[in-house]
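Reading through the structure tokens given below for one structure.
Please read all numbers here as calculations on a predicted model, not as lab measurements. Letters A, B, ... mirror the listed sequences (proteins, then strands); counts begin at 1.
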Amino acid sequence: MSESIANAPEPMAVVAPDTTSNPTIQATHAPQVEDQDDSMSEDDKPLMKKQAANGGNKNKKRIGGDSSSEDDKPLSKKPRVSKGTANKKRRVVDSDSDSDESEAGPSVKKETQPTPKTNGTSKPRSSTSRKPPTSPAQSESDLSEDEKPLAKRASAKTNGNGNGKPASRTKAKPAKKEPSDDEESLSEQSSASSSEDDKPLAKKKAAAKPRQSTSSTKSASTSTAAKKKVKAEPKSEDSDDDDDVPLAKGKAKTTTAKDKKPVVKKEKKVKEEEDDEEKYKWWEQEAEGDGEVKWTTFEHNAVLFPPPYIPLPKNVKMKYDGVALTLPPESEEVAGFFGAMIETDHAQDAKFRENFFKDFKAVLDKYPPKENVKVKSLDKCDFKPMFEHFEREKEKKKAMTKDEKKAIKEAKDKLEAPYLFCVVDGRKEKVGNFRAEPPGLFRGRGEHPKKGTLKHRLRPEDIIINIGKDATEPIPNIPGKWKGVQHDNTVTWLAHWKENVNGNAKYVFLSAGSSWKGQSDRAKFEKARELIKHVDKIRKDYTEDLKSKVMADRQRATALYFIDRLALRAGNEKGEDEADTVGCCSLRYEHVTLSPPNTVVFDFLGKDSMRFFQEVKVDAQVFKNIKLFKAEPKQKGDDLFDRLSTTLLNKHLNSMMPGLTAKVFRTYNASWTFQKQLKNTPKNGTVAEKIAAYNTANREVAILCNHQKSVSKNYEGSKAKHEDKIRALKYQRMKLRLQLFSLDPKMKKKQPELAEDESDMDEDFIERHETELLEKALDNAQKKHEKDNIKLEEEGSKKKDKKELDERLKEIKDEFKELKKERKSKKVEPRRGATEEKLIEQIGKMDERIATAKVQLGDREKLKDVALGTSKINYIDPRITVAWAKKYDVPLEKLFSKTLREKFPWAEAEANKGWIF
DNA sequence: AAGTAGACTTAGTAGAAGCAAA
DNA sequence: TTTGCTTCTACTAAGTCTACTT
């Protein structure tokens, strides 16, 4: 198992940071974990990192253990007065002690085996268990760790996701209802009383707070349908308001405050339009509107429907039981959806096939083949002719001339042009997904019960558009009328429909680079920064609550601990007809295993069915709590936190800080970790080295957030290639070395390090390699000869004859014979012009190249299953990147792609090199 | 209190676009 | 040029979270 963690000396060093209880620590907000030096072997770290690393860790201060010490038995002791609950007597969670015992039995045993089960179940992706991240804090250590990993990882790995669907996936209701003895009391009381006392606290507070920032406010005004509609009016007055508004000047910091403004304002910003072309710099404006009204005028063309289905050529037909079927376009289209995928994994997936076939049959019933054939089995359907046709079409397309391609592109651009932009309050803004989703087969991820289901073609009748009252109503590009047209200026979508597969809502919004998205993005990061100010207190509180006598509070505290330390998602409840994935609040009994003394093993499928597998050392109290939460009557299938829901959790969070929700912790921890990791940037490194440090930091964050990608199927192959390349370099180095020794045998003594043979340079490889080289050389000579002749011919000169070529080939062969001798003798004659100095220099260069190649190889390995993009796009405050780029003088375009730069113009404008998160 | 609708953010991946090596 | 990747975008699924209903 993950040794790394396990070995860590202090219990939690890794994870548990700490902090929490200690008030003194301040500056360190983060989850950081201490740097546990030990776990990281220094050697592993790349050079630059090393240096950097030791620099910055001031966090050492973090005290780690204290909390644990505390936890002792406290239950009784700590009267959780704070909440008033105490008196109430909400139950008592009983002591840990007892619970311990009882639990010991069952849970301990089985859980203890930390070992992961291996089995596959899970996703198709690489089952690698990604090494988990470990707490953010741990990151540093982690770094080093990764290097080793391969092996280690392997051990850890395994995948089994263990998620067998629980026999009873019932939400633990049972437990709830009939709690065990202990629990009972707990539950009952808590529920009853709690409602009164306990919550009050929270609620009150919450209520009191004014909602602010973008997020909320809706409450007030909204009232169903009517609600929305008429909100736009206010604008005029407001505009003035703007000016008055005193606050918010300092953007960065103050911003949050500003949001409060209750007033609805919308301003149609001044100057009309010269700035038409310019982009609207909303971040330079004074406090913007509040959260309620989003626009005053809104013009757009809604969605672009895809072209109608074009039947396949008559000769392309699917076959059923050997018979070619002539399908009407309606059913042929559906057959084609599957036919195009027959080489993908989906087509092999039982559920996918089942769902597809059910829908396909229904379509066939309505639009049967001309040949009176009843299609009864998918296995007898042969889509290959269709598949091959599609492949041919692809080829054709690829083979088109540049001009043809260009013409097609132009036509497409022209068609799409009207949809690219919309006009909001007189400003031009880019629309995001204006193309109506084409029909196809639903590609649900993981074990989605609906995967393979037919997704219908959208018609105007399916779509509701949202547009300004005075705007001209767009006309659909295919026949039909919109399902509805509304003018709700409290929302930002242009069009909306309900998709038939899951009944989910789909929307057309503006692009990521739009002002609306930019503003809310910025607000998100500001919220996360605000958390910095509260996090110490929050941690202290939940640490305290870990011992609460009120079960609900205790669970909430424990959940929060995980959310904060492990960056888990909130974990809303999900329905039966969705993939069985969980987040923190929805963790079930089987997802968490205990391994004494204080390790908790998480193994579950999270969002997108990505496996989260991690062994974590936790505070003793947390360990006890989990034991308690898994105690007796509970079993596989039951909720771990049966008294907690995301709503409850968020209500509590909101009471600690307005606007705070579970997801803010992810943003905060990600950005915080990133900023901290960037301290490892080599001050005097090359740009490439700096970027490498940046990427390493990015990677830490990605690991923290469990952002994965499937390893490409040619990964192994390409890795082997790279390894061969390295060996080829080593081969060259060897030749240089041997020449040197021929020149001056004394060098062996003088520089003993040169006398050592290159690693993995066995005779076998050398022979193979030389053969390859020979072949290549011969081939090249041949080609050169041909080429030269063509040229000579064109010039009208006379061609070289074959003899010449043969001679040349012979020469080459002779040279290689030389090599063979050298191989045997291990001696290499110095090549012409070789001198000791030159050779030494060349060897040095070769060493460098080898080292670089090795580093590259290692980097690729480390990144093969980690996705950096998601955290860059969604979790890392872009201002950190901008500031870093300025500070270290790295061009921003090396860090942000074009679309990212379009998404974060505000960050570029706002952050200077001293900016900190 | 629990379930649902609604709106918006976050997620991995397929395929297009770029780019470097052959 | 063509090939063989790597990188970037587009796409759309899958979350979060609030407000509304029942």
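Distances shorter than 4.0 Å separate some side-chain N or O of A:Lys294 from OP1 or OP2 on B:dC8. Applying the 4.0 Å criterion to OP1 and OP2 of C:dT6, one finds that A:Arg860 has a side-chain N or O inside that range. At the phosphate of C:dT16, OP1 or OP2 sits under 4.0 Å from a side-chain N or O atom of A:Asn572. At the phosphate of B:dC8, neither OP1 nor OP2 sits under 4.0 Å from any side-chain N or O atom of A:Ser520. Considering only side-chain N and O atoms, A:Asn874 lies nowhere under 4.0 angstrom from the phosphate OP1 or OP2 of B:dT9. The side chain of A:Ser897 places an N or O atom within less than 4.0 Å of a non-bridging phosphate oxygen (OP1 or OP2) of C:dT9. For the OP1/OP2 pair of B:dA11 and a distance below 4.0 Å, the side-chain nitrogens and oxygens of A:His707 include at least one atom meeting the criterion. Taking only side-chain nitrogens and oxygens, A:Thr899 comes nearer than 4.0 Å to OP1 or OP2 of C:dT9. Distances shorter than 4.0 Å separate none of the side-chain N or O atoms of A:Arg435 from OP1 or OP2 on C:dA10. Side-chain N/O atoms of A:Lys524 include none lying less than 4.0 angstrom from OP1 or OP2 on B:dC8. Put simply, A:His448 has no side-chain N or O that comes within less than 4.0 Å of OP1 or OP2 on C:dA13. The side chain of A:Thr870 places no N or O atom within less than 4.0 Å of a non-bridging phosphate oxygen (OP1 or OP2) of B:dT10. Regarding contacts with the backbone of C:dT12, every side-chain N or O of A:Tyr507 stays at 4.0 angstrom or more from both OP1 and OP2. A:Lys506 has a side-chain polar atom (N or O) that falls below the 4.0 Å cut-off from OP1 or OP2 of C:dA13.
Side-chain atoms of A:Lys574 lie closest to C:dG15 of the nucleotides C:dG15, B:dT9, B:dC8. Between B:dA11, B:dC8, C:dG15, one nucleotide has an atom nearer to the side chain of A:Trp493 than all others, and that is B:dC8. Minimum atom distance to the side chain of A:Lys517 is reached by B:dT9, of the listed B:dT9, C:dA13, C:dG15. Closest to the side chain of A:Asn433, out of B:dT9, C:dT12, C:dG15, is C:dT12. For A:Val491, taking side-chain heavy atoms from C-beta onward, the closest of the listed nucleotides B:dT10, C:dA13, B:dC8 is B:dC8.
Here A:Gly606 lies in heavy-atom contact (under 4.0 Å) with sugar-phosphate atoms only. At a threshold of 4.0 angstrom between heavy atoms, the contacts of A:Lys607 include nucleobase atoms, whether or not backbone atoms are also involved. Residue-level contact check: A:Lys721 touches the backbone only, with heavy atoms under 4.0 Å from sugar-phosphate atoms and none from bases. Within 4.0 Å of A:Gly571, counting heavy atoms only, lie sugar-phosphate atoms of the nucleic acid but no base atom. Across all strands, A:Lys455 comes closer than 4.0 Å only to sugar-phosphate atoms, never to a base (heavy-atom distances). Residue A:Thr492 is classed as a sugar-phosphate contact, given heavy-atom separations below 4.0 Å to backbone atoms only.
When the P atom of B:dT9 is taken as reference, atom CD of A:Glu526 falls 16 Å away, rounded to whole Å. Atom NZ in A:Lys898 sits roughly 12 Å away from atom P in C:dC8 (whole-Å rounding). Between the C1' atom of B:dA11 and the CZ atom of A:Arg569 lies a distance of 8 Å, rounded to the nearest Å. The separation between A:Lys405 atom NZ and B:dA16 atom P is 11 Å, rounded to whole Å. Nucleotide C:dT18 holds its C1' atom 10 Å from the NZ atom of A:Lys651, rounded to whole Å. B:dG12 atom C1' lies 14 Å from atom CZ of A:Phe442, rounded to whole Å. Across the protein-nucleic acid pair, A:Trp497 atom CH2 and C:dA13 atom P stand 9 Å apart, rounded to whole Å. Separating the CG atom of A:Asp859 from the P atom of C:dT7 is a distance of 11 Å, rounded to the nearest angstrom.
Both A:Asn504 and A:Lys663 lie close to DNA chain C; mapped to their nearest nucleotides by heavy-atom distance, the more 5′-ward contact belongs to A:Asn504. Across the interface with DNA chain B, nearest-nucleotide mapping of A:Lys903 and A:Lys498 shows A:Lys498 to be the residue nearer the 5′ end. Between A:Ile873 and A:Ala570, the residue whose closest nucleotide on DNA chain C is further toward the 5' end is A:Ile873. Comparing A:Ala867 and A:Phe509 against DNA chain B, the residue whose closest nucleotide sits nearer the 5' end is A:Phe509.
Atoms CZ and CZ, on A:Phe305 and A:Arg457 in that order, are 10.5 Å from each other to the nearest 0.5 Å.
For the side chain to side chain donor-acceptor pair (under 3.5 Å) with A:Lys506, the qualifying choice from A:Glu437, A:Glu499, A:His496 is A:Glu437, the only one to do so. The residue from A:Phe298, A:Phe509, A:Tyr507 that alone fulfils the ring pair (Phe, Tyr, Trp, His ring centres under 6.0 Å) condition with A:Trp493 is A:Tyr507.
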(message) What verdict does the salt bridge (Lys or Arg N to Asp or Glu O under 4.0 Å) test give for A:Glu861 and A:Lys864, after you've listed the backbone C-alpha separation in whole Å, the side-chain angles of each residue and the deciding distance to 0.1 Å?
(response) CA-CA 5 Å; A:Glu861 173 72 27; A:Lys864 72 175 180 196; 2.9 Å; yes

(request) Just do the salt bridge (Lys or Arg N to Asp or Glu O under 4.0 Å) check on A:Lys524 and A:Asp521 with the steps written out, would you? (result) CA-CA 5 Å; A:Lys524 169 184 74 186; A:Asp521 221 27; 3.0 Å; yes

(message) Could you go through A:Asp345 and A:Phe352, starting from their C-alpha distance and side-chain angles, then the distance that decides it, and tell me whether this counts as side-chain contact (heavy atoms from CB on, under 4.5 Å)?
(response) CA-CA 10 Å; A:Asp345 293 345; A:Phe352 193 97; over 6 Å; no

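With hydrogens and angles left out, the side chain of A:Lys709 and the base of B:dT13 share no donor-acceptor pair within 3.5 Å.
The closest donor-acceptor contact from the side chain of A:Lys903 to the backbone of A:Ile873 lies under 3.5 Å. Remark: side-chain polar atoms of A:Lys872 are not paired, donor with acceptor, to backbone N or O of A:Phe896 under 3.5 angstrom.
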